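Treat the numbers as computed from the prediction; the structure is a model and nothing was measured. Throughout, a chain's letter reflects where its sequence line sits, starting with A, and its residues are numbered from 1.
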Amino acid sequence: TQLLEQSPQFLSIQEGENLTVYCNSSSVFSSLQWYRQEPGEGPVLLVTVVTGGEVKKLKRLTFQFGDARKDSSLHITAAQPGDTGLYLCAGSPFGNEKLTFGTGTRLTIIP
Amino acid sequence: DTAVSQTPKYLVTQMGNDKSIKCEQNLGHDTMYWYKQDSKKFLKIMFSYNNKELIINETVPNRFSPKSPDKAHLNLHINSLELGDSAVYFCASSRRATGELFFGEGSRLTVL
């Protein structure tokens, strides 16, 4: 089992629709990061959430950190083809400095 | 200027060969990493160095040997390559151990 499980693993939707992807764990994290990776490139950080219950917005993307700091979600409103990519959550459990990546969600937005 | 650059971008080689991948960062970060991304896109840490000192060494075959000549460089040497080593290897750096990671573009290794 992976420390950070993401769902769904694959998601393909039409342009203009809304979607939510999830990052879940049984461990408590001091913070969680979300990255987006496009083909042929390395992941790029989108946001870091630090406080339980925290909500951060980045244009059409809304990130939430669970109250218990064990999970996070990413909601995209009115998805655009440019949102296509692999979305990865990453975190370090309390007492462990090693940053672990989630299993990833491959998102495809169809024009 | 590329913040984290790694070379080569593509590497195709035969089983049993030895190869190296180089990485350099110009961000002034103290911590550098090697990650392996498999065909399912799962990103797994291999090694982490802080100021030239090895701090994370995951369960990686000892055919993989990282070397950090200075805090701006972290190279990866792989001996006796096997088919299962085929993957994309990413170098990354961060200001601190659990901070934002800045990744290179990746080096796609194919072992035939």
Side-chain angles (χ1 to χ4, degrees), chain A residues 1-12 21 23 25 27-50 56 58 63 65 69 72 84-108, chain B residues 2-10 21 23-25 27 29-51 53-60 74 87-110:
Chain A
T1 52
Q2 302 298 337
L3 186 62
L4 283 166
E5 294 279 351
Q6 289 185 240
S7 60
Q9 189 179 356
F10 298 94
L11 183 57
S12 184
V21 300
C23 173
S25 178
S27 298
V28 178
F29 291 85
S30 54
S31 64
L32 271 178
Q33 301 172 1
W34 283 92
Y35 290 79
R36 179 169 66 213
Q37 183 181 11
E38 299 186 17
E41 298 182 11
V44 175
L45 182 72
L46 297 172
V47 79
T48 301
V49 286
V50 178
K56 277 192 174 177
L58 189 68
F63 302 85
F65 199 11
R69 309 165 75 109
S72 181
T84 293
L86 175 68
Y87 288 80
L88 295 160
C89 63
S92 303
F94 273 111
N96 184 341
E97 285 207 337
K98 188 172 63 180
L99 189 69
T100 299
F101 278 82
T103 48
T105 294
R106 281 197 246 190
L107 175 64
T108 303
Chain B
T2 306
V4 181
S5 58
Q6 50 183 113
T7 56
K9 192 169 171 69
Y10 299 97
I21 308 171
C23 179
E24 176 182 3
Q25 54 97 3
L27 297 167
H29 289 164
D30 285 339
T31 309
M32 294 187 72
Y33 311 80
W34 279 108
Y35 278 84
K36 179 180 180 181
Q37 189 170 47
D38 61 23
S39 57
K40 294 184 178 178
K41 303 297 185 185
F42 184 60
L43 203 58
K44 189 170 194 290
I45 190 166
M46 299 173 69
F47 302 103
S48 172
Y49 271 72
N50 184 267
N51 208 8
E53 185 180 334
L54 180 66
I55 55 172
I56 292 176
N57 184 350
E58 286 299 286
T59 309
V60 176
L74 180 61
V88 182
Y89 292 85
F90 283 98
C91 176
S93 73
S94 67
R95 186 169 290 115
R96 55 183 178 85
T98 57
E100 174 186 359
L101 292 178
F102 291 79
F103 283 87
E105 289 189 329
S107 297
R108 181 176 292 276
L109 171 66
T110 303

- What residue among R36(A), R106(A), Q37(A) forms side-chain hydrogen bond (donor to acceptor under 3.5 Å, both in side chains) with Y87(A)?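 Of the listed residues R36(A), R106(A), Q37(A), the side-chain hydrogen bond (donor to acceptor under 3.5 Å, both in side chains) partner of Y87(A) is R36(A).
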- Looking at L101(B), I45(B), I56(B), which has the largest count of heavy-atom pairs under 4.5 Å with chain A?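 Most heavy-atom pairs within the cutoff with chain A belong to L101(B).
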- Options E58(B), K40(B), R108(B), K44(B), ranked by heavy-atom pairs under 4.5 Å with chain A, top entry: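 Most pairs with chain A among the choices: E58(B).
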- Would you indicate whether the side-chain heavy atoms of Q6(A) and L88(A) approach each other to under 4.5 Å?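 Sidechains of Q6(A) and L88(A): in contact.
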- Message: Less than 4.5 Å to any heavy atom of chain B: does that hold for the side chain of Q9(A), its backbone, both, or neither?
- Response: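 When you check distances to chain B, no heavy atom of Q9(A) falls under 4.5 Å.
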- Message: Using the ring-ring contact (aromatic ring centres under 6.0 Å, His included) definition, which of the options F42(B), Y35(B), F90(B) pairs with F101(A)?
- Response: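 The residue from F42(B), Y35(B), F90(B) that satisfies ring-ring contact (aromatic ring centres under 6.0 Å, His included) with F101(A) turns out to be Y35(B).
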- Message: Using side chain to side chain donor-acceptor pair (under 3.5 Å), reason through Q33(A) and Y35(A) one step at a time and then give a plain yes or no.
- Response: CA-CA 7 Å; Q33(A) 301 172 1; Y35(A) 290 79; 2.5 Å; yes
